[in-house]
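The next block holds one structure in the form of structure tokens; read it before the comments.
Values below: every heavy atom of this structure, side chains too, minus hydrogens, waters and symmetry copies. All ligand and atom numbering here is 1-based and tracks the order in the structure.
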Amino acid sequence: MPRKILPSIRQIRYTRLLMNVLGIETTCDETAVSVVRDGQEILSNVISSQAEVHQQFGGVYPEMASRQHVDLLIPTVDEALRVAGLKREEIDLIAVAKGPGLIGPLLIGLNGAKALSLAWEIPFIGVNHVEAHLYAAMMSNQNYLFSSLGVVISGGHTFLTRILDVGSYEQIGTTVDDAIGEAFDKVASLLDLPYPGGPEVEKLAKGGDPSRFPFKAGRVKGQPWDFSFSGLKTNVLYAIKGQNGDKKGITKISEEEKRDVAASFQEVALGDVCNKAMRAAKEFDCGAIYVGGGVSQNRRLREMFDESEAPCPIYWPSRDLCLDNGAMIAGLGFHKFKSQGDPLDLEPLTRIPL
Ligand code: KG4
Ligand code: ZN
């Protein structure tokens with residue numbers, strides 16, 4: 001079959017000085033759309049969260065997420081344009097998260113982007129959601145210090161990577177089981193806290209004693225840069241339900257002990273990320289550390305990074321760019337776009353290496 005191409009693409013104002021990119025993010029449970037100028041200036045950043053819908057299921061219900069994206073995508077696009085104060089004719093490029101993520105939600109976002117690209121006669125480009133999380137930390141300061149260390153800590157990913165350039169990475173270490181955000185969510189569920197669990201565990205941990213429970217970070221034999229959180233999660237399960245307890249069993253601890261469990265878990269999980277990041281930054285002689293992903297919102301983590309003797313500056317996403325958002329997609333799309341967009345048969349991918 002012949003490869004389809006975009007019909008009649010309007011000439012783009014590709015001056016790198018005035019390029020308005022509409023970013024669409026629908027990899028999981030946020031329908032997010034943003035307009036970003038020249039990869040940096042955020043004109044709007046609208047996030048239609050579905051958290052309440054999924055709370056009743058204790059986690060993201062993929063089919064429900066897809067339906068929500070269908071309902072929310074176009075109103076969110078309209079709102080992003082309204083807040084940016086731009087007409088659709090003033091948008092030059094559409095960037096969309098093409099993966100990794102849930103297949104249903106990805107299809108809604110990608111097909112939405114393709115439809116808008118056809119209707120508005122402008123190109124679209126698919127970008128990697130996880131790479132965009134790292135870009136979120138670079139957005140506020142575009143004097144990049146490469147090579148640098150990238151630390152991605154989200155609900156689906158946990159890894160350390162060398163950033164040689166925007167778009168050029170060498171993986172250092174990754175998780176062999178759960179992602180750190182996933183571990184926070186599972187511990188939250190064991191502590192009877194609502195979804196999403198990370199911020200709830202952080203809140204509970206504030207009043208707790210982080211040294212009360214001797215939890216340990218997982219070690220991966222022969223892989224000093226890799227992470228493992230499943231053993232830590234089992235430590236927490238035993239602390240809450242007892243050695244023979246199953247996940248649905250009775251919670252055996254008091255409210256005060258719950259706070260201590262949350263604090264002890266958080267200290268070990270975040271401490272592991274912080275220690276490995278600091279060691280990697282030294283070992284690989286990095287010019288900067290860029291941290292991205294939902295867990296980067298955690299204040300205790302930021303404190304730990306600040307307290308450790310980092311060999312180089314550390315960059316964080318601004319608070320509204322930590323969780324899934326369209327601005328990081330639009331920003332990265334600006335850098336990835338090289339005069340031609342992606343073809344209409346671009347497929348979403350549930351897994352993509354960086
Ligand atoms: O990056 P993100 O929005 O989505 C993915 O790409 O996965 O990250 C969501 C994850 C969830 O697991 C959530 O519990 C976690 O980030 N998270 C946190 C905090 N805020 C969000 N984990 C720890 N502390 C927080 N304050
Ligand atoms: Zn994400």
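- Put simply, no part of Arg299 is less than 4.0 Å from ligand 1, judged by heavy atoms.
- Between His129 and His133, the ring planes are perpendicular. Angles over 60° get that label, and only those under 30° would be called parallel.
- For Gly156, the closest heavy-atom approach to ligand 1 falls below 4.0 Å.
- The two residues Ala65 and Cys28 have their closest heavy-atom pair at CB-O, 3.8 Å.
- The atoms of ligand 1 that sit less than 4.0 Å from any heavy atom of Glu202 are 25 (C), 26 (N).
- When each atom of ligand 1 is checked for a heavy atom of Gly293 under 4.0 Å away, the hits are 1 (O).
- In this structure, Phe265 has its ring center under 6.0 Å from that of Phe184.
- Taking atom 4 (O) of ligand 1 as the reference point, the nearest protein heavy-atom neighbour is Asp324 OD1, 3.2 Å.
- Checked against a 6.0 Å centroid threshold, the rings of Trp316 and Phe305 count as neighbours.
- For the atom pair OG of Ser168 and CD1 of Ile163, the computed distance is 10.0 Å after rounding to the nearest 0.5 Å.
- In this structure, CG in Leu72 is found 12.5 Å from CD1 in Ile47, a value given to the nearest 0.5 Å.
- Close N/O approach between Phe184 and ligand 1 is not found [any backbone or side-chain N/O within under 3.5 Å].
- If you check which protein heavy atom lies closest to atom 24 (N) of ligand 1, you get Asn298 ND2, 3.0 Å.
- Ranking the protein heavy atoms by distance from atom 7 (O) of ligand 1 puts Gly155 N, 2.8 Å first.
- The two atoms that bring Leu93 and Gly333 nearest to each other are CD2-O, 3.9 Å, heavy atoms only.
- A 4.5 Å side-chain heavy-atom check between Val201 and Leu193 finds at least one atom pair inside the cut-off.
- When only non-hydrogen protein atoms are considered, atom 22 (N) of ligand 1 lies nearest to Gly198 CA, 3.4 Å.
- Considering only non-hydrogen protein atoms, atom 6 (O) of ligand 1 sits nearest to His129 NE2, 3.1 Å.
- Taking every non-hydrogen atom of Gly181 and a distance limit under 4.0 Å, the qualifying atoms of ligand 1 come out as 12 (O).
- Of the candidates Leu73, Leu81, Asn45, Val33 forms a side-chain contact (heavy atoms from CB on, under 4.5 Å) with just one, namely Leu73.
- Of all N/O/S atoms in Asp324, OD1 sits nearest the Zn ion (ligand 2).
- With rounding to the nearest 0.5 Å, the separation of CD in Glu25 from CG in Leu106 is 8.5 Å.
- At least one N, O or S atom of His133 sits under 2.8 Å from the Zn ion (ligand 2).
- For atom 15 (C) of ligand 1, the closest non-hydrogen atom of the protein is Val295 CG2, 3.9 Å.
- Taking a cut-off of under 4.0 Å to the non-hydrogen atoms of Leu323, the atoms of ligand 1 that pass are 3 (O), 21 (C).
- Each of the following atoms of ligand 1 lies closer than 4.0 Å to a heavy atom of His133: 1 (O), 6 (O).
- Of the N or O atoms in Pro196, none lie within a sub-3.5 Å distance of an N or O in ligand 1.
- By the 30° and 60° cut-offs, the orientation of the rings of Phe57 relative to Tyr61 is perpendicular.
- At least one N, O or S atom of His129, from either the backbone or the side chain, sits less than 2.8 Å from the Zn ion (ligand 2).
- Salt bridge Lys98/Glu347: absent, no basic N to carboxylate O contact under 4.0 Å.
- At least one side-chain heavy atom of Arg37 sits less than 4.5 Å from a side-chain heavy atom of Leu86.
- Residue Gly294 has at least one nitrogen or oxygen atom sitting less than 3.5 Å from a nitrogen or oxygen atom of ligand 1, judged on distance alone.
- Shown in contact with Gln297 at under 4.0 Å from a heavy atom are these atoms of ligand 1, numbered in order with element: 20 (N).
- Closest to atom 11 (C) of ligand 1 among all protein heavy atoms lies Asp185 OD2, 3.6 Å.
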